[in-house]
Amino acid sequence: MAALNDLFLNLQRWFVGLLARFLPDWLVMVISMLVVSVMLIVTALVIVLWLTWLERKIVGRIQDRYGANRAGFLPFGLLQPIADAVKFLTKEDIVPREADKVVHLLAPVLMLGASVMLLAVVPFGKGMIGADIDIGILYLVAMSSLSAIGLLMAGWGSNNKYSLLGGMRAVAMLLSYEIPMGLSIVVAVMLSKSLSMQRIVEAQGGWFGLRWFAFFFPVGTLAFLTYFVSALAEVNRSPFDIPEADSEIVAGYFIEYSGIKFGLFFFAEYVNAIVVSSVATTLFLGGWQGPILPPYVWFFLKVFALLFVMMWFRGTLPRLRIDQLMGLAWKVLVPVGLANVMLTGLGIAIFRALGWA
Amino acid sequence: MLGLGIAKGLAVTLNHFRKTYFGSGPSKGRGLFTVQYPEERLAPLARFRGSLAHLADPETGGPRCTACRICERTCPVGCISGIEGEGRGRERRATQYLYNIGECLFCGLCVEACPFEAIAMSHEYELATYSHDALVYDLRKLAEIGKKYALEGKEEA
Amino acid sequence: MDAAKLKTETITLNVGPQHPSTHGVFHMILTLEGETIVDLEPVVGYLHRNHEKLGEGFTYLQYCPYPSRLDYICGMTNEHAYALAVEKLAGLQVPERAEYIRTIMAELNRMVNHIVSIGFLLNDLGAFFTPVLYCLKQREKVLDLFEMASGSRMMFNYIRYGGVARDLPEGFISAAQEVVGSFPGFVDELEQLLTENEIFVARTKGIGILPPDVAVDYSCTGPLLRGSGVPYDIRRVDSYSIYSRFDFDVVTRPNGDVFDRYMVRIEEIRQSTRIVEQALGELPEGPVMAELPRTFRPPAGDAYGRIEAPKGELGFYLVSDGGDKPYRLKVRSPSFINLGALPVMARGYKVPDLVAILGSIDITLGEVDR
Amino acid sequence: MAEEEPRADIAELEERFPEAVEPLGGGVLQVETAHLLEVAKYMREDPDLAFDYLSSITGVDRIGEGRFEVVYHLYSMRREAGPLVLKVFVPREEPVVPSLAAIWSGANVQEREVYDLMGIRFSGHPNLKRILLWEGYDKHPLRKDFQED
């Protein structure tokens, strides 16, 4: 059991030990970091590929359909993502004549870069983290804001009215939702007394691994809900997929993108979806903590549960309007978040005064 | 109450999701609705109007059609043409009959107009071809479709 | 800086003819202030095929397959309207049984149209195809009935002047009863999915308000008009066919916004269910087609036959010169005329509201452009 | 059919505009082109008539008689009455009819359609452009003497 729990850690130790026999220390470090980051990116992309497949299957089932089930020789259409990827790569790469070419081409790269960089601080399991920096949360918030710039670049650089509308909507929305998101993160930080992702998870360790902050009623629960709602907006998922809004502004900021550039946006969106689910898991659902099963299994179970909820929402809900969305952020989530932070602080003070914590 | 209506909607969709795996009951309304086309096929209903077909004369085995051209005149779009016949009076039978399925409306007015019940709308519905020329059916092909149709025994509901 | 002195510019945005929410090839030229609509000019005609001229080239019988190609969602009601106009022109009497069959078909078609319309409205509002697929799934059951009776799922060529093309097949009544019986449950589920959904309500209440006097002024009919609180239903006013025999309510809602039009459609599905149930129960025996001369030549003159189609008043104006072809055939299509009120409804709302408003008018471009 | 000929309405209009209208029977009134606006306005605004609903406008090409007919089907939603049919005859050479778009806004698109397909001009129409066919096309396909290129 213990071997299974630390499977990936042991693998890493064995690999590092192997290299250390005939390489200097600094090179071992560089190589192991490179290997970890390549593994992270590849794993993320592979997960994303089959996440699109999973979404199609789940939404299909919600709509009484089978979903993709034809591509390739594997059952259940398991090769559909490969077919999609090949299609992305072989499609013609079109740059509009009037587009601002540098900005237009840079935007998808920036988007994917920003979202992949987030993976560095996600704790996938006990000790399984790219970089356990002390201010992991801060890094995360800072990096996720980068995508707003990517969206604006895409919207502006394509020189299309629809994409401009989409880009503007995206920026307005992302900036507004950073605030309630930050406020709910603050609650988790206050409860765990740390900015490091690993330590936040460790703080949720008691009660057979079920001492999750989401169960800290009311503050933790509320913070979890506000976080999840803001996260949906942050990654443009339904019902907040306003910047794309295919029925209004026809995919918004990426209307002019074709082929692999569109593919990069697509990947970035799903990587973002995985990241926010992972962060929600880390902050409020106890990360990799849980009874019996190995930590990384717990982590992925929770992440996929959240992803399922996202897909379920997408299969059910219509889209809000941009002004209603901003209203929700500023009139509901921000006040609730602020009150929640104050309540948490008050609670901690009272607990401390009573000597319970 | 904020969220209650949304929760109701979510319950509906989750229920559909569940039913596609664990649904039961005889009604078509439950569970998955998609027909996996090439493997599964829905049988056309008895009155379904597919391609035109020429029915065979039970005595001679040849076409029943007497080349009277009423169908040609009735057709709103003019997809029936080139009708030729041989013989006189009651013995007259069609020798050629061109039917352009690319233009056909599948309205069935020709069949209604036919005084000899020599043509019918068959149940052929997989009618795609690779060329425009192949869309024009001649008498031989129409009689073939008619034979298949008669074998299925679905001439009249 | 003084905000009033800041220079602002309106932008012109072409929505369509290729746009996912225009329900076909419909084109709108929007003038926007930010995302607020200042002006809107609808451009139609991309699907124009001069239907009325086609009608002049056909005999009265040859035209029969064509009405269902106008508004391809509700072919039965279109055929009914044409049949009524010809019967009025020629003074035909329709057998009792045929009238019942026509009513059953027309009301089933109204239910189909309304669920399709609601489904696609939700698509425009950004629901990811779920409501529309539930609706299309339900529609398939009705299309099975249509195929059973007429031999086709959309292009029926079933309701003819003088009656209906063929009698109902065996087993139709019980099949129809089963389908109609499934409708109340379906509508309840749809309502559970949508009516109280906060997002749906926020997106539709108070949007695209059409006051009753404006609605009448713009010759709007159908659910659009009744959603504005005008209880005008041609089934009741003219009581054409045999509608006077059935017990049903004319549904109206007071506010004239997108939500009320949705509610009118939901309620009308229930009312149509009632009508079909009554008609199935009372269906008499007898012939289904009047005796017609071999070559049909109505006397010279003109006639206007109109019905309450699912989308509004559908009228056929026929002029005969005594020949076997209509001298003039005019289609008064509800989609086209209801669309005339779109600029009034859309002004002052935002781009996302526009698609909702357009969806709530319920147009079919085949009928708009003819 | 529950429709009845609106005799009382026709009588009232005849009395009021003796030189402008002429009943043709079957609920149809022929109206002089010059008086159309006046009659229509009265029909819409008079509280006893209250023909608030303009159902349809049709152009008919009577090439044999050398004239166009413009046919208006009017109903009253308030009284649930109608139809009262107005017919206006205009010569084929100079087909101009006053526009009713100021009286019933619904006439706007319908008059554009008649103009587009039949080539009858509506004087005083706010936006008399082609609606179904494209700008710059010079023919009117519903005319009986229409020839394809």
Side-chain angles (χ1 to χ4, degrees), chain B residues 1-17 19-20 25-35 42-51 70-79 103-113 115 120-123 125 154 156-157, chain C residues 54 57-59 61-66 68-69 127-128 130-131 133-134 136-138 140-141 143-158 160 165-172 175 178-179 181-182 185-186 188-202:
Chain B
M1 179 61 200
L2 184 78
L4 203 66
I6 292 176
K8 271 187 176 177
L10 287 170
V12 171
T13 47
L14 191 66
N15 198 24
H16 274 266
F17 182 77
K19 270 190 206 163
T20 58
S27 149
K28 222 176 167 186
R30 276 178 179 269
L32 291 162
F33 196 65
T34 323
V35 177
L42 297 176
L45 294 170
R47 285 184 182 179
F48 175 75
R49 297 198 299 260
S51 161
I70 287 179
C71 49
E72 187 182 349
R73 261 175 283 145
T74 312
C75 180
V77 288
C79 66
E103 288 175 3
C104 183
L105 288 177
F106 302 97
C107 64
L109 287 178
C110 49
V111 177
E112 284 173 32
M121 302 303 274
S122 70
H123 289 172
Y125 59 92
K154 285 166 184 162
E156 181 51 37
Chain C
L54 281 177
F58 292 137
T59 62
L61 180 66
Q62 279 178 335
Y63 182 73
C64 279
Y66 280 84
S68 51
R69 280 153 172 92
F128 190 66
T130 306
L133 280 165
Y134 292 170
L136 291 178
K137 183 178 159 189
Q138 182 72 9
E140 285 300 305
K141 298 182 193 167
L143 293 192
D144 281 345
L145 290 181
F146 287 162
E147 188 185 343
M148 206 171 165
S150 73
S152 182
R153 299 177 80 78
M154 282 172 86
M155 306 303 164
F156 309 113
N157 190 16
Y158 184 63
R160 306 277 176 82
R166 300 162 87 173
D167 201 350
L168 295 176
E170 231 171 274
F172 180 87
E178 194 193 320
V179 172
S182 75
F186 170 75
D188 288 345
E189 192 189 60
L190 201 61
E191 276 218 279
Q192 202 192 342
L193 180 60
L194 302 173
T195 306
E196 286 170 39
N197 186 320
E198 282 83 1
I199 298 176
F200 176 70
V201 172

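In what follows, chains carry the letters A, B, and so on, assigned in the order in which the sequence lines appear, proteins first and then strands, with residues in each chain numbered from 1. Here the structure is a predicted model, which is why all the values come from computation and not from measurement.
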Hey, what do you get for [atom1] ([X]) to [atom2] ([Y]), rounding to the nearest 0.5 Å?
{"X": "C/Leu193", "Y": "B/Thr13", "atom1": "CG", "atom2": "OG1", "value": "6.5 Å"}
{"X": "B/Arg49", "Y": "C/Glu147", "atom1": "CZ", "atom2": "CD", "value": "10.0 Å"}
{"X": "C/Met148", "Y": "B/Leu45", "atom1": "CE", "atom2": "CG", "value": "7.0 Å"}

Heavy-atom pairs under 4.5 Å with chain B, option from [options] with the top count:
{"options": "C/Tyr134, C/Phe156, C/Phe58, C/Phe186", "result": "C/Tyr134"}
{"options": "C/Asn157, C/Thr130, C/Leu54", "result": "C/Asn157"}
{"options": "C/Ala149, C/Ser182, C/Cys64", "result": "C/Ala149"}
{"options": "C/Glu196, C/Glu189, C/Gln62, C/Met155", "result": "C/Gln62"}

Turns out that what part of C/Tyr63 lies under 4.5 Å from chain B's heavy atoms comes down to neither
**Study point:** C/Arg69 versus chain B, the contacting section by heavy-atom distance below 4.5 Å
**Key:**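 For C/Arg69, the side chain is the part near chain B, not the backbone.
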Any salt bridge between C/Arg160 and B/Glu112, counting N to O under 4.0 Å?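 Salt bridge: yes.
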* To do: For residues C/Pro169 and B/Arg47, determine if any side-chain heavy atom of one lies less than 4.5 Å from a side-chain heavy atom of the other.
  =>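 Touching, per the 4.5 Å side-chain cut-off.
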Do B/Pro76 and C/Tyr66 come within less than 4.5 Å of each other through their side chains, counting heavy atoms only? yes
More than 12 heavy atoms of other residues, nucleotides or ligands under 6.0 Å from CD of B/Glu103: is that the case?
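Result for CD/B/Glu103: enclosed.
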Those residues that, when tested against C/Tyr158, pass side chain to side chain donor-acceptor pair (under 3.5 Å) (two or more places apart):
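In terms of side chain to side chain donor-acceptor pair (under 3.5 Å), with neighbours along the sequence ignored, C/Tyr158 is linked to no residue.
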Considering residues at least two apart in sequence or located in another chain, which fulfil the ring pair (Phe, Tyr, Trp, His ring centres under 6.0 Å) criterion with C/Phe200?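 C/Phe200: ring pair (Phe, Tyr, Trp, His ring centres under 6.0 Å) contacts with C/Tyr262.
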